[in-house]
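Encoded as structure tokens, the structure appears first; notes follow it.
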There are 2 protein chains.
Amino acid sequence: MILQEGFVCKHYTFVEKGCFKMYGIDEKGTEHNLGFAAENDWVADLGSFYSGKPSKLFIEAIEPSTILQIEHQDLLYLYVNSPKFDRNFRVIVEEKFIELQNRLLQNFSSNASQRYLDFLAQYAALASRLPNTQIASYLGITPEFLSKIRKNISLK
Amino acid sequence: MILQEGFVCKHYTFVEKGCFKMYGIDEKGTEHNLGFAAENDWVADLGSFYSGKPSKLFIEAIEPSTILQIEHQDLLYLYVNSPKFDRNFRVIVEEKFIELQNRLLQNFSSNASQRYLDFLAQYAALASRLPNTQIASYLGITPEFLSKIRKNISLK
DNA sequence: GCTACATTAAGACTATTTCTTAAGCTTGTT
DNA sequence: AACAAGCTTAAGAAATAGTCTTAATGTAGC
């Protein structure tokens, strides 16, 4: 667990090996996965990281993992002293932004079954690593219902 | 209309005055607003803008507006020749990413009524400018249902 | 003053999803 | 090897959020 609700996100984390989930917990106690970060991906609650305010999110390993972390002030130092870092982190966030926007659009336009198929198409490699409970939490449904969806799809 | 589905997003657009909506249209023909951009905000379909692939989105004025636009190649030129632009556009996207992530979390954790209240709280200035149809499209519901929600809220 | 569109209304309807219970299956741990 | 814990499938009942439909009223530009 590299970030807990109520704490400030102090690090931008690079995943060298393994896999993490970033999620929030609603009033009912249900987890909602915002996304996953596997090999060569970056993860952080940017809102908390840059503002210094307590996070509403959790970031937690779902596999044995090794990571590299950079602290806020050190990253700022890099930004100021070497423009390359602005460039690289701009590109990283842009890619994540595009991903998130696509996801939001999918969420609007379709039911859980279609969203599951979209997820499979886009994150095939991840899908086979993740337990269904995590995928269900990503899709915003119960694991039982995901099981029904899978059955339905296989019947077609 | 500064971007249509099927066309490449050629410009990063700065809104000087007025207001734009960015939306997709699903198989049923329903519009889904991804977001709005008003004064001093930037808007573009970044996926299409950077990849050069046709967009799936529309960007359209909902008020008489004046804008400034920069083309892809010109922005690249600025990136290469002046590190400040990497910095500034990194910050712009980071802010938008944080916004989008908050929205996704809200979408998961709550029903349309709560999402409407969240929208009002966060975009009070926008809410009074936008017709209900546009807000409904942002929330992912029908205008009729938004009307019910408003009634319900006012009854409390 | 027209026309077009936005808003409110309200009731019937429905589809998606949750809930519940349960059994079988994996996987890792002692 | 055996056990525990959690994952997966199953299946039916139940809930509910949101749509559809129709319609009357309001509003704003032309």
Side-chain angles (χ1 to χ4, degrees), chain A residues 1 18-19 21 23 25-33 36 58 60-65 104-120 126-156, chain B residues 1 18-19 21 23 25-33 36 60-65 103-120 126-156:
Chain A
M1 175 94 67
C19 189
K21 61 177 174 177
Y23 62 97
I25 297 188
D26 67 21
E27 337 70 63
K28 291 180 191 156
T30 312
E31 288 185 12
H32 298 281
N33 282 342
F36 304 102
F58 299 79
E60 189 181 343
I62 49 181
E63 293 177 8
S65 306
L104 194 61
L105 202 57
Q106 282 170 3
N107 264 259
F108 273 138
S109 330
S110 38
N111 59 18
S113 178
Q114 188 54 51
R115 267 161 24 226
Y116 176 60
L117 291 172
D118 288 343
F119 171 76
L120 286 186
L126 261 183
S128 58
R129 285 165 75 164
L130 296 170
N132 276 7
T133 43
Q134 295 308 322
I135 298 177
S137 167
Y138 178 92
L139 297 174
I141 58 176
T142 57
E144 291 89 347
F145 187 47
L146 176 54
S147 178
K148 282 189 191 177
I149 287 174
R150 293 170 73 127
K151 189 182 174 191
N152 257 322
I153 289 170
S154 70
L155 288 181
K156 281 178 193 166
Chain B
M1 176 95 66
C19 189
K21 61 177 174 178
Y23 62 97
I25 297 188
D26 66 21
E27 340 68 64
K28 291 182 192 155
T30 312
E31 289 185 13
H32 298 281
N33 282 342
F36 304 102
E60 188 182 342
I62 50 181
E63 292 178 8
S65 305
R103 185 174 170 196
L104 195 61
L105 201 58
Q106 282 171 3
N107 263 259
F108 274 137
S109 333
S110 40
N111 60 18
S113 178
Q114 190 54 51
R115 263 155 36 221
Y116 176 60
L117 291 172
D118 288 344
F119 171 77
L120 285 186
L126 261 183
S128 58
R129 286 164 73 164
L130 295 171
N132 276 8
T133 45
Q134 295 307 322
I135 298 176
S137 166
Y138 178 92
L139 297 174
I141 59 176
T142 57
E144 291 88 346
F145 188 48
L146 176 54
S147 179
K148 280 189 193 175
I149 289 174
R150 293 168 72 126
K151 190 182 173 186
N152 256 322
I153 290 170
S154 70
L155 287 181
K156 279 175 194 164

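Each chain gets a letter, A, B and so on, in the order the sequences are listed, and its residues count up from 1.
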Take the protein atom [atom1] of [X] and the nucleotide atom [atom2] of [N], then report the distance between them rounded to whole Å.
X	N	atom1	atom2	value
B:N107	D:dG18	CG	C1'	14 Å
B:L146	D:dT19	CG	P	11 Å
B:Y116	D:dA17	OH	P	18 Å
A:N111	D:dT19	CG	P	14 Å
A:F145	D:dG12	CZ	P	16 Å
A:R129	D:dC7	CZ	P	17 Å
B:K28	D:dG18	NZ	C1'	12 Å

Closest-nucleotide 5' rank along DNA chain C - winner of A:E144 and A:I149: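 Its nucleotide being nearer the 5' end, the pick is A:I149.
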Overall bend - the helix from C:dG1-D:dC30 to C:dT30-D:dA1, comparing terminal axes fitted on five pairs, nearest 10 degrees: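 If I round to tens, the end axes sit 60° apart.
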Base versus backbone protein contacts along nucleotides 24-30 of chain D [heavy-atom cut-off under 4.0 Å; B, S, -]: -------
A:Y23 side chain to A:E60 side chain, donor-acceptor N/O pair below 3.5 angstrom: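 Checked: A:Y23/A:E60 side chains pair up, N/O donor to acceptor below 3.5 Å.
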Strand-adjacent residues in residues 133-143 of chain A, judged by heavy atoms under 4.0 Å from DNA chain C: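 Hits under 4.0 Å, by residue number: A:G140, A:I141, A:T142.
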First and last nucleotide of DNA chain C, 5' to 3', lying under 4.0 Å from heavy atoms of chain A: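 Reading along DNA chain C, I get C:dT17 to C:dT20.
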A:E144: partners by salt bridge (charged side-chain N to carboxylate O under 4.0 Å, His left out), with sequence neighbours left out: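 Listed in chain order: nothing, the list is empty.
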With B:Y138 via ring-ring contact (aromatic ring centres under 6.0 Å, His included) - residues at least two apart: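 Expected list: B:F36, B:F119.
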